[in-house]
Amino acid sequence: MAFLPQERLVPLLTLLSDRMEVVAPILVEGVPVFASWSGQPLALKDNPLMPPQEFFLPQREVLFRYIQDCGSYSFEEAAGKARLIFGIRPCDLRALAVLDRIFGSDPMDQSYFDKRRSTVLVALNCNEPGENCFCDHLGFGPTCSEAVDLQLTEIDKGYLVESGSPAGILILKEHPEFFLETSQSHLLEKCEMLGQAREAMNSCIARSLPGIKEAIKKADWNALGRTCLNCGSCTFVCPVCHCFTIQDLGVPDGERMRCRDTCLLSGFSRMAGGANPRISQGDRMQNWYLDKFEYIPQRTGLLGCVGCGRCSRVCLAEMDRWSLEVKR
Ligand code: SF4
Ligand code: SF4
């Protein structure tokens, strides 16, 4: 554990960026996004709308190239790139733990884990949760509950830095000139800050786990399906959603592409011949909620929602209101 004075954060990241790509929240056209960092001002107030999961499961990626030679194929895979993601929040870290279990089940997803293994994660605990955040109501946050290389908590004049892996310890040991010793008061300050964050979090009871499960049971899915605009935005910003489709582009040589997809759109469940087991938008919405609160927990032991509130932030139809209305 160490104390990192505020003014030493950027010099430390600059040093680390000499040996790996540093990704951090920065402003792009006034909006915070996780992007490659090369000294731009950090945007650490709000968690970006697009989660850092994009660096493990991109919108589009080449899984491998295939080359045909005399009737047999050889394959070329891209190597993982050394990267450090700075500023990942506890909810997105939890979402990565869910994805690790999903992509780690047999057969393991090589492309996902190549990126996971070559990425150092530096988390930032949430002192000021956003107005849509409800991680605390799902039993974790606003501090990290998952293993992470380093976790930072902003306290007076700097950050309390805690290491959680050999990679994190190495950063502390290799660069002692950036860090100061911690005192008991730093730890007390951290507890106080995070206690205040929990209190500040939206205390709406309909966002507690029993409230959500009750709302799923009582919902009129046909009516909700008619309200939904079928845009899929809620799934594309969700750090846990991971539907994808695969295409082979090129004959006889070419690339196997993976593109993000969403179970909220009818094409995702449509089968050869045109049959579709989830024909209406209401069916697809119900499946989405059940996946998050029943099916993913059965498969992984963790909820498929981490309470980041992004789906509420992005939905033009304000679908979020229904769960509150059903509860009443
Ligand atoms: S963002 Fe809202 S309108 Fe769009 S698919 Fe999701 S629930 Fe429907
Ligand atoms: S369902 Fe909504 S609140 Fe839950 S993790 Fe996905 S985007 Fe966040």
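Atoms within each ligand, like the ligands themselves, are counted from 1 in listed order.
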Sub-4.0 Å atoms of ligand 2 with respect to non-hydrogen atoms of [X]:
X: K292; answer: 1 (S)
X: G309; answer: 3 (S), 8 (Fe)
X: F134; answer: 3 (S)

Protein contact of [atom] - nearest heavy atom, named by residue and atom, plus distance:
atom: atom 2 (Fe) of ligand 2; value: C311 SG, 2.3 Å
atom: atom 3 (S) of ligand 1; value: L229 N, 3.2 Å
atom: atom 4 (Fe) of ligand 2; value: C305 SG, 2.4 Å
atom: atom 8 (Fe) of ligand 2; value: C308 SG, 2.3 Å
atom: atom 7 (S) of ligand 1; value: M319 CG, 3.2 Å
atom: atom 5 (S) of ligand 2; value: V306 N, 3.2 Å

May I ask you to check whether over 12 heavy atoms, not counting those of R65, lie within 6.0 Å of atom CZ?
-> no

Whether over 12 other heavy atoms sit under 6.0 Å from E128 CD = no

Give the numbers and elements of all ligand 1 atoms closer than 4.0 Å to a heavy atom of [X].
X: C315; value: 1 (S), 2 (Fe), 3 (S), 7 (S)
X: C234; value: 1 (S), 5 (S), 6 (Fe), 7 (S)
X: G232; value: 4 (Fe), 5 (S)

side-chain contact (heavy atoms from CB on, under 4.5 Å) evaluation trace for F103 with M108 | CA-CA 6 Å; F103 285 103; M108 194 181 85; over 6 Å; no

Run the ring-centre check on Y66 versus F75 and record whether the distance is less than 6.0 Å.
-> no

Establish, from distance only, whether the side-chain atoms of [X] and [Y] form a donor-acceptor pair under 3.5 Å.
X: S312; Y: N132; result: no
X: T119; Y: K115; result: no
X: Y112; Y: D100; result: yes
X: D283; Y: S280; result: yes

Is it true that the NZ or CZ of R8 lies under 6.0 Å from the centre of F178's six-membered ring and within 45 degrees of the ring axis?
-> no

N, O or S atom of C238 closer to atom 6 (Fe) of ligand 2 than 2.8 Å | yes

